[in-house]
Amino acid sequence: MKKNYLTQNHLDVVISKSQSKGRGRSDHVWESPNGNLYFSYILKKDIFIDNLFVEISKISVAIIKTLMKYGITASIKYPNDILVGTKKIAGILMETQGAIDLDYIVVGIGININQSNFNSLHKFATSTYLENGIELDPNNVALNIMNEYVKPHTFNEYLKHSIILNKRIKFNNQIFVVREILEDGRLFLVGNEKLYVSPNEISLKEIYEWS
């Protein structure tokens, strides 16, 4: 079903009860059973390729703040996942049409709301229900997220909740420390040399699976 939560004519919000072909970054499968929250919003005005990561940061902070209202403390796993502790509770996927001056952006969000059993993924995933024991209305959660989304936002709010800053990572067989995340999504790495790398240049395995 479709809900226009906001009055701007360049923004539509679409909510789904379940998904048959849910996916995440790099076409990874996103399990989408009934009872969780799956929604997308579409931006059609004043959108540019250089602002894509700012859009990710805005919706990430909106999700973080909404979860706080339900008593859940979460963090941001660069570039597009939301964690509670070490377990994933939400993911964000962005698709675009156009070149530099974009025709539109579709931002898709999946949030585990009322799921109580993740089977083989129980060590890696959680839900709002598992965290606070409360069944939530997915539509109300979406409304709260979009209400947070339209509030004034600073990039520093995204940085405050990021788990990657000052983390040691491996890149090109060298060890670096992540000193900054830039508003265009690049990481500033400091090691034997100083580098700026984009999300497309570095794998999540290099970031998170090295210790």
Side-chain angles (χ1 to χ4, degrees), residues 4-14 23-26 28 30 37-69 73-83 88-111 141-167 169 171 178-190 194-204 207-208:
N4 289 316
Y5 290 129
L6 306 177
T7 59
Q8 289 95 326
N9 60 12
H10 65 285
L11 178 61
D12 292 320
V13 178
V14 180
R23 62 188 177 87
R25 192 171 183 258
S26 302
H28 290 161
W30 177 278
L37 172 58
Y38 319 102
F39 74 102
S40 299
Y41 63 90
I42 305 169
L43 299 172
K44 304 175 183 177
K45 183 179 179 182
D46 298 329
I47 49 177
F48 303 94
I49 194 74
D50 291 342
N51 295 337
L52 291 182
F53 196 79
V54 171
E55 190 61 34
I56 290 178
S57 74
K58 286 175 62 178
I59 191 63
S60 296
V61 170
I63 294 170
I64 292 282
K65 289 186 173 182
T66 299
L67 291 174
M68 286 180 182
K69 294 179 180 179
T73 299
S75 57
I76 300 169
K77 178 182 176 182
Y78 174 92
N80 62 339
D81 287 342
I82 307 298
L83 305 183
K88 183 173 178 177
I89 196 169
I92 302 163
L93 181 66
M94 183 176 293
E95 296 188 355
T96 65
Q97 177 65 43
I100 296 175
D101 187 356
L102 300 175
D103 299 325
Y104 63 80
I105 301 173
V106 178
V107 183
I109 298 102
I111 304 180
V141 177
L143 177 59
N144 282 329
I145 290 172
M146 296 314 292
N147 284 340
E148 286 292 341
Y149 168 82
V150 298
K151 292 178 181 178
H153 165 271
T154 66
F155 192 67
N156 282 338
E157 291 179 273
Y158 173 88
L159 298 178
K160 182 174 69 173
H161 297 289
S162 173
I163 65 171
I164 195 177
L165 284 175
N166 298 314
K167 179 181 175 63
I169 68 170
F171 178 64
V178 180
R179 290 302 187 198
E180 290 183 65
I181 306 174
L182 281 66
E183 291 192 27
D184 61 8
R186 287 181 298 161
L187 300 178
F188 176 50
L189 307 182
V190 176
K194 297 179 180 180
L195 300 174
Y196 290 93
V197 298
S198 72
N200 294 330
E201 292 178 288
I202 190 168
S203 72
L204 295 185
I207 296 175
Y208 297 108

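In this text the structure is predicted, and so the values were computed from the model without any measurement.
- Of the N and O atoms on the side chains of E201 and Y196, not one donor lies less than 3.5 Å from an acceptor on the other residue.
- A heavy-atom distance below 4.5 Å is found between the side chains of I163 and Y208.
- The side-chain heavy atoms of I92 and V107, taken from C-beta on, include a pair separated by under 4.5 Å.
- Residues S75 and I64 come closest through the heavy atom pair N-CD1, 3.7 Å.
- Under the salt bridge (charged side-chain N to carboxylate O under 4.0 Å, His left out) criterion, K65 pairs with E157, sequence neighbours left out.
- Side chains of P79 and L204 form a contact here, defined as non-hydrogen atoms less than 4.5 Å apart.
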In a table with atom names and distances, give each donor-acceptor pair under 3.5 Å that connects a side chain of residues 181-189 to protein atoms at least two apart or in another chain.
from, atom 1, to, atom 2, distance (Å)
D184, OD1, R186, N, 3.0
D184, OD1, R186, NE, 3.3
D184, OD2, R186, NE, 2.8
D184, OD2, R186, NH2, 3.2

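- Within the 4.5 Å cutoff, side-chain heavy atoms of D12 are placed close to those of K44.
- Evaluation of the side chain to side chain donor-acceptor pair (under 3.5 Å) rule for K194 yields no partner, not counting sequence neighbours.
- Rounding to the nearest 0.5 Å places CD of Q97 at 9.0 Å from CG of L102.
- Minimum interatomic distance between I145 and I59 (heavy atoms only, all atoms of both residues): CG2-CD1, 3.7 Å.
- If you take OH on Y78 and CD1 on I202, they are separated by 7.5 Å, rounding to the nearest 0.5 Å.
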Item to complete: Begin with the C-alpha distance, continue with both residues' side-chain angles, and end with the deciding distance and a verdict on side chain to side chain contact (heavy atoms under 4.5 Å, CB included) for I82 and I76.
Response: CA-CA 5 Å; I82 307 298; I76 300 169; 4.0 Å; yes
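- Separating the OG1 atom in T96 from the CG atom in L43 is a distance of 11.5 Å, to the nearest 0.5 Å.
- Atom OH of Y41 is separated from atom CD1 of I105 by 8.0 Å, given to the nearest 0.5 angstrom.
- With values rounded to the nearest 0.5 angstrom, K167 atom NZ is found 10.5 Å from S162 atom OG.
- Heavy atoms only, all atoms of each residue included: S57 and H153 are closest at OG-CE1, 3.3 Å.
- Between F53 and Y158, the ring planes lie perpendicular to each other; the angle is over 60°, past the 30° to 60° tilted range.
- Here the closest non-hydrogen pair linking A90 and I111 is CB-CG1, 3.7 Å.
- For the residue pair R179 and L165, the shortest heavy atom distance occurs at O-CD2, 3.9 Å.
- A distance of 5.5 Å separates CD1 of I109 from CD1 of I63, quoted to the nearest 0.5 Å.
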